[in-house]
Protein chains: 2
Amino acid sequence: MTDLTAQERLRDAGLRPTRQRCALADLLYAHGHRHATAEMLYEECLVAGIPVSLATIYNTLHQFRDVGLLRDVSVGGTKTYFDTNISDHHHFYNESDGRLIDIPDGLIDVLGVPEAPDGKMITRVDVVVQVREKK
Amino acid sequence: MTDLTAQERLRDAGLRPTRQRCALADLLYAHGHRHATAEMLYEECLVAGIPVSLATIYNTLHQFRDVGLLRDVSVGGTKTYFDTNISDHHHFYNESDGRLIDIPDGLIDVLGVPEAPDGKMITRVDVVVQVREKK
DNA sequence: ATTTGTGCAAATCGTTTGCATCTGA
DNA sequence: TCAGATGCAAACGATTTGCACAAAT
């Protein structure tokens with residue numbers, strides 16, 4: 001049952017399986033990987049009749065990210081996407097409609113990344129391949 | 001003279017060399033390459049006694065970008081940086097202080113970028129190397 | 001004279017916060 | 001019970017917009 005899975009997932013991550021967290025986990029993980037924004041999930045909750053506030057969705061997404069259930073992807077500027085695929089991979093970003101598309105893990109290889117400056121360490125290397133509708 | 005250079009740069013780009021555009025061009029190009037936000041430039045204008053509004057700075061930055069004088073870099077989420085270095089290069093992004101550092105052109109090589117999906121074309125490949133203060 | 005740019009203030013968008021009220025272990 | 005979670009509404013930061021006024025060709 002997806003509900004049980006969601007509960008387990010949350011417990012395993014050390015988060016209390018509350019109604020709204022379970023509901024959000026279901027929306028996020030029930031149908032394979034996805035890229036979601038807070039607003040998207042809010043809409044889906046409204047439609048599905050799940051009572052939850054936008055603030056809680058933001059809280060929840062950040063918590064999920066903090067415990068490693070999600071990864072955030074920032075592109076284009078404004079909105080923040082949350083990606084249920086937490087494996088090492090990169091993205092196509094469609095500037096026309098602001099949509100993200102996964103580039104499977106292992107396809108892209110980044111060569112020649114220099115050492116981090118001064119007292120800094122590299123935490124992540126993100127590749128964003130911007131695409132546009134071909135004319 | 002920097003002022004003349006700015007005027008020329010603007011004329012060459014097909015933009016009327018108004019006071020504020022010239023002033024902004026000077027701030028941007030007078031001292032080598034830089035990464036600037038609208039807010040930064042606004043502050044600098046205030047300090048320098050250059051009368052200009054934030055709205056005009058946003059307009060101007062977008063115009064400069066549209067004619068190829070600047071490139072925008074979006075990282076971390078919120079603010080948009082404008083980079084006077086329009087050559088093909090990538091960036092370090094310091095999550096701690098939100099600062100951008102250029103990675104010189106040619107150092108990084110991205111292998112294995114797949115074809116763009118369906119009727120789309122690739123317009124740009126951006127690599128962002130996130131760094132954090134080493135503990 | 002005409003076109004184009006500018007400033008201001010209000011509006012928007014995405015996100016965060018404060019705080020009183022619920023809820024799950 | 002009671003720490004932790006939620007909802008609401010107000011606060012926020014970055015950016016945009018509408019419109020009257022000013023400046024460039």
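So that the names make sense, note that chain A is the first sequence line, chain B the second, and so on, each numbered from 1. All values reported here derive from a predicted model rather than from experimental measurement.
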*Using a strict cut-off of less than 4.0 Å between a Lys/Arg side-chain nitrogen and an Asp/Glu carboxylate oxygen, indicate whether A:Glu115 and B:Lys134 qualify as a salt bridge.*
no

*Mind calculating the distance between CG (A:Leu54) and P (D:dA11) to the nearest angstrom?*
18 Å

*Roughly how many Å is it from CZ in B:Phe82 to P in D:dA14, rounded to a whole number?*
14 Å

*So what does B:Thr80 hit on the nucleic acid, given a heavy-atom distance under 4.0 Å: a base, only sugar-phosphate, or nothing?*
sugar-phosphate

_Between A:Asp72 and A:Arg65, does any NZ, NE, NH1 or NH2 come within less than 4.0 Å of an OD or OE carboxylate oxygen?_
yes

*So what does A:Glu39 touch, heavy atoms closer than 4.0 Å: a base, only the sugar-phosphate, or nothing?*
nothing

*A:Leu10 has an atom CG; how far is it from atom P of D:dG4, in whole Å?*
17 Å

*Hey, which of these two, B:Arg16 or B:Thr56, hits DNA chain C nearer its 5' end, going by closest nucleotide?*
B:Arg16

*Hey, is the side chain of B:Arg19 poking within less than 4.0 Å of OP1 or OP2 on D:dA23, counting only N and O atoms?*
no

*Taking atom types as modelled, find out whether B:Asp83 and B:His91 have a side-chain donor-acceptor pair closer than 3.5 angstrom.*
yes

*Taking atom C1' of D:dA5 as reference, at what distance in whole Å does atom CG of A:Leu15 sit?*
11 Å

*Would you check if the side chain of A:Asn94 reaches a backbone N or O of A:Ser96 as a donor-acceptor pair within less than 3.5 Å?*
yes

_Quick test of your reading of the model: are A:Glu133 and A:Arg99 salt-bridged, counting only N-O distances below 4.0 Å?_
no

*Nearest-angstrom distance from the residue atom CD1 of A:Ile50 to C1' of D:dA5*: 17 Å

*Is the phosphate of D:dG4, meaning OP1 or OP2, less than 4.0 Å from a side-chain N or O of A:Gln63?*
no

*Have A:Thr123 and B:Glu95 got a donor and an acceptor in their side chains that come within less than 3.5 Å?*
yes

_Contact interval (first through last nucleotide) of DNA chain C with protein chain A, 4.0 Å heavy-atom_ = C:dG14 to C:dA25

*In terms of the nearest nucleotide of DNA chain D, which residue is placed more toward the 5' end: B:Thr37 or A:Gln20?*
A:Gln20

*Starting from P on D:dC8, measure out to CD1 on A:Ile57 and report it in whole angstrom.*
12 Å

*Expressed in angstrom and rounded to an integer, what is the separation of B:Lys79 atom NZ from D:dT16 atom P?*
14 Å

*Please report the closest heavy-atom contact between B:Ile86 and B:Arg71, naming both atoms and the distance.*
CG2-N, 3.9 Å

_Without decimals, in angstroms, what is the distance between A:Arg21 CZ and D:dG7 P?_
11 Å

_Looking only at the side chain of B:Tyr58 (C-beta and beyond, no hydrogens), which of the listed nucleotides D:dT15, D:dT6, D:dG4 gets closest?_
D:dT15

*Please check the phosphate of D:dA23 (OP1 and OP2 only) for any side-chain N or O of B:Thr18 closer than 4.0 Å.*
no

